[in-house]
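Atoms considered below: every heavy atom in the structure, side chains included; atoms not considered: hydrogens, waters and symmetry mates. Just so you know, these numbers come straight off a predicted model, no measurement behind them. Just so it is clear: chains get the letters A, B, ... in the order the sequence lines come, proteins before strands, and each one is counted from 1.
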Amino acid sequence: MEKTDINSDLYKIRHSLAHVLAQAVLEIRPDAKLGFGPPIDSGFYYDFDLTEPLSTEDLPMLEKRMRQIIKKGQVFEREELGHEEMVERLDKDNQGYKIEQVEDLSAQNEILSLYRNGPFWDLCEGPHVDSTRDIPKNCFSLDSLAGAYWKGSEENNMMQRVYGLAFETGDELKEFKEKRQLAMERDHRKLNIKQHYYAISEEVGKGLPLWLPNGTVIREELEKLAKEKEFLAGYKRVSTPHITREELFHTSGHLPFYEDSMFPPMEMDGERLFLKPMNCPHHHMIYKAEPRSYRDLPLRLAEYGTCYRYEQSGELAGLLRVRGMTMNDAHIYCSPEQAKEELLNVLNLHTQYYELFGLKDFWMRLSLAEKDTGKFVDEPELWQKAETLITEVMEEVGVPYEAVRGEAAFYGPKIDFQVTNVIGREETASTNQLDLVMGKRFGLTYIASDNQEHTPIIIHRAPLGTHERFVAFLIEHYGGAFPTWLAPLQVRVIPVASAFNEYAHGLNDSLFSSFVRTELDDSHDSFSKKIRSAAVAKIPNILIVGENEQAGQTVTWQRYGSKDRKTLAFDAFIELLQEEILKRQDWRTDDQ
RNA sequence: UCCUCAGUAGCUCAGUGGUAGAGCGUUUCCUUGGUAAGGAAGAGGUCGGCAGUUCAAUCCUGCUCUCAGGCUCCA
């Protein structure tokens with residue numbers, strides 16, 4: 001992701017606005033304690049610890065004060081201070097958070113500097129504009145209030161964060177707001193209101209979506225796709241239960257490494273049963289159900305497995321974050337010699353999917369373990385081997401990637417596929433792990449050609465992630481206008497007047513018996529109204545029939561979002577449509 | 001889990017300390033000819049829930065639930 005250059009005008013403007021905001025807040029809340037106040041992608045924010053909280057109604061007034069400050073032409077001046085002196089000055093102003101920050105900076109031997117503008121000063125490394133007058137008029141606006149933990153840690157105090165938008169010109173600010181508005185229209189929760197993909201019912205529970213008929217179509221089409229791809233790639237399908245005895249999760253290490261994210265256990269007949277948060281332990285048990293020879297490897301076990309994870313309620317968001325989810329899961333058990341090729345095949349499968357959906361904006365994130373955090377299984381040698389292998393494969397695939405320490409699964413390094421959704425938020429679309437640990441923990445073995453027992457390497461992979469997240473992502477990606485193969489309703493037949501209902505009815509029946517998801521609009525609406533309704537519902541194909549069509553046994557075919565019309569024989573239409581569905585084409589992006 | 005915002009008809013939203021409003025959608029009837037709203041009538045609401053203040057609360061106060069934006073977490 002691009003970062004604004006620290007010496008650019010824009011960075012200086014945003015950074016300086018953060019100081020101006022803090023100054024304005026201190027004017028109305030003199031006892032405010034300052035936290036962090038950095039520039040960000042769309043502007044800036046500043047964190048405050050306040051005895052009397054700000055309300056959104058205060059924002060216009062704060063913004064006005066900011067403009068007044070800017071008009072004064074306050075000059076930014078830098079000063080460098082020693083540790084003692086800086087702490088002393090901050091202490092005098094009662095800025096405890098800043099003192100903590102000074103201690104952290106000093107520990108890293110950073111130079112301590114402050115910036116002063118007018119009556120305000122702040123611990124800061126800069127840079128800033130020369131004078132507040134250099135901040136263009138109308139280039140910013142205060143955006144929202146939010147809570148934010150001090151230093152981003154749940155353990156710490158909750159501060160109040162004020163977000164501001166800021167750009168180099170007022171036009172850019174306006175443009176950003178318009179774009180954001182458009183993006184909000186594509187939010188899957190918003191589209192869901194009209195398109196009815198899923199429902200979340202209070203009676204059923206938070207984070208436990210009910211899939212309505214429309215959403216289920218998309219889910220099942222994805223599942224069909226995955227099953228075909230996996231079949232051709234030599235996967236075997238399996239099926240496993242949702243609840244499981246405690247012992248299995250001790251073996252896997254989910255207890256205690258993952259217990260916080262699991263639903264509390266059910267007690268029965270003196271034993272404890274958990275809802276599974278992942279499918280891996282079960283697949284391992286399937287591996288273990290028979291003795292394995294190197295001739296059985298690689299063994300690829302696939303399942304659309306439903307898992308339950310206890311997410312905190314504030315984290316739940318439509319279909320994007322839920323508590324019950326169905327994963328496009330599979331585990332590949334292989335020998336060390338096979339691991340590289342298997343991993344490569346898995347990554348290639350991802351790129352095939354992404355090409356199919358026309359997703360271009362993605363990158364890979366390599367998540368590695370971090371020592372001594374207690375978050376990862378303690379097998380340094382195996383970790384080392386896994387990380388070397390996975391890095392090699394990443395290099396070979398050639399898709400750009402970014403390595404992050406400390407983000408691995410507790411049993412192995414991860415390759416995540418990161419995508420940016422329409423709202424600009426980064427999401428993990430799928431996650432894949434290379435696991436040298438679990439084979440050993442579960443006592444999985446195979447007899448190799450040397451007639452000795454060996455432990456297989458396990459690759460966890462889920463290219464389509466979970467139905468919940470992936471469908472949400474696709475709804476936003478397509479803006480609710482799906483290609484024919486995915487669309488809940490593929491065709492609507494519209495007679496130009498009721499006199500042609502009978503002919504239209506016949507066409508609709510034929511399509512239906514060819515397994516096309518089709519509907520006849522024989523309502524009493526005017527013809528224009530019917531066209532509009534079909535467009536509003538974003539149905540990919542409409543068929544218009546009237547006198548001409550009836551006479552020639554033809555249909556007039558029109559795509560969603562297009563004014564082009566084509567009149568062709570009905571049989572020819574069915575053939576074309578079936579081919580498009582079978583090949584999973586998108587008429588907007590594929591040449592036909 | 002916490003911070004801020006918001007909950008009025010299926011949806012989008014007005015509104016008032018004194019019997020609840022619009023548009024769209026829906027239902028019924030009339031109408032029907034070629035590309036984004038034909039007409040008429042009707043149904044539809046414990047104004048999120050509980051408690052308090054008041055002669056009277058959808059409106060004011062408190063609590064609670066849900067939702068949205070953050071933070072944290074993450075598929």
Does [N] pair with anything, Watson-Crick or G-U wobble, both distances under 3.5 Å, and if so, with which nucleotide?
N	result
B:rU16	none
B:rA41	B:rU27
B:rC71	none
B:rC5	none
B:rG34	none
B:rG52	B:rC60

Does OP1 or OP2 of B:rU4 have a side-chain N or O of A:Tyr163 closer than 4.0 Å?
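The answer is no; no side-chain N or O of A:Tyr163 sits under 4.0 Å from OP1 or OP2.
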
Please determine if a side-chain N or O atom of A:Lys206 lies less than 4.0 Å away from the OP1 or OP2 oxygen of B:rU66.
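Yes, within the criterion.
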
Ignoring hydrogens and geometry beyond distance, is the side chain of A:Gln160 in donor-acceptor contact with the base of B:rG70 at under 3.5 Å?
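Such a pair does not exist between side chain and base.
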
Could you label the plane-to-plane angle of the [X] and [Y] rings as parallel, tilted or perpendicular, counting under 30° as parallel and over 60° as perpendicular?
X	Y	value
A:His460	A:His331	perpendicular
A:Tyr197	A:Phe482	perpendicular
A:Phe362	A:Tyr354	perpendicular

Considering heavy-atom distances to RNA chain B, does A:Glu468 or A:Gly561 have its closest nucleotide positioned more toward the 5' end?
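The 5'-side residue here is A:Gly561.
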
Nearest-neighbour nucleotide for the [X] side chain, [options] considered:
X	options	result
A:Lys414	B:rC2, B:rA75, B:rG33	B:rA75
A:Ile193	B:rA37, B:rA68, B:rU12	B:rU12
A:Ser528	B:rC11, B:rG69, B:rA37	B:rA37
A:Ser498	B:rC11, B:rU32, B:rA75	B:rU32
A:Gln558	B:rG38, B:rU35, B:rG69	B:rU35

What about A:Phe573 and A:Trp557, are their ring centers closer than 6.0 Å?
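Between A:Trp557 and A:Phe573, which both carry aromatic rings, the centre distance is below 6.0 Å.
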
Charged N to carboxylate O under 4.0 angstrom, A:Lys227 versus A:Glu230?
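Judged by the 4.0 Å cut-off on N to carboxylate O distance, A:Lys227 and A:Glu230 do not form a salt bridge.
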
Indicate whether any N or O donor in one side chain lies under 3.5 Å from an N or O acceptor in the other, for A:His283 and A:Glu303.
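Side-chain D/A pair, A:His283 to A:Glu303: present.
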
Could you write nucleotides 23-30 of chain B as a row of B, S and -, 5' to 3', where a protein heavy atom under 4.0 Å of any base atom gives B, of only sugar-phosphate atoms gives S, and otherwise -?
--S----B

So what does A:Arg469 hit on the nucleic acid, given a heavy-atom distance under 4.0 Å: a base, only sugar-phosphate, or nothing?
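Base contact.
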
Which is true for A:Ile542 with a 4.0 Å heavy-atom rule: it touches a base, it touches only sugar-phosphate, or it touches nothing?
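No contact at all - A:Ile542 keeps every heavy atom at 4.0 Å or more from the nucleic acid.
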
Name every donor-acceptor pair, under 3.5 Å, that has one atom in a side chain of residues 465-473 of chain A and the other anywhere in the protein, sequence neighbours excluded.
from, atom 1, to, atom 2, distance (Å)
A:Thr466, OG1, A:Arg469, N, 3.1
A:His467, NE2, A:Glu223, OE1, 2.7
A:Glu468, OE1, A:Thr326, N, 3.0
A:Arg469, NE, A:Leu320, O, 3.2
A:Arg469, NH1, A:Thr428, O, 3.1
A:Arg469, NH2, A:Leu320, O, 3.3

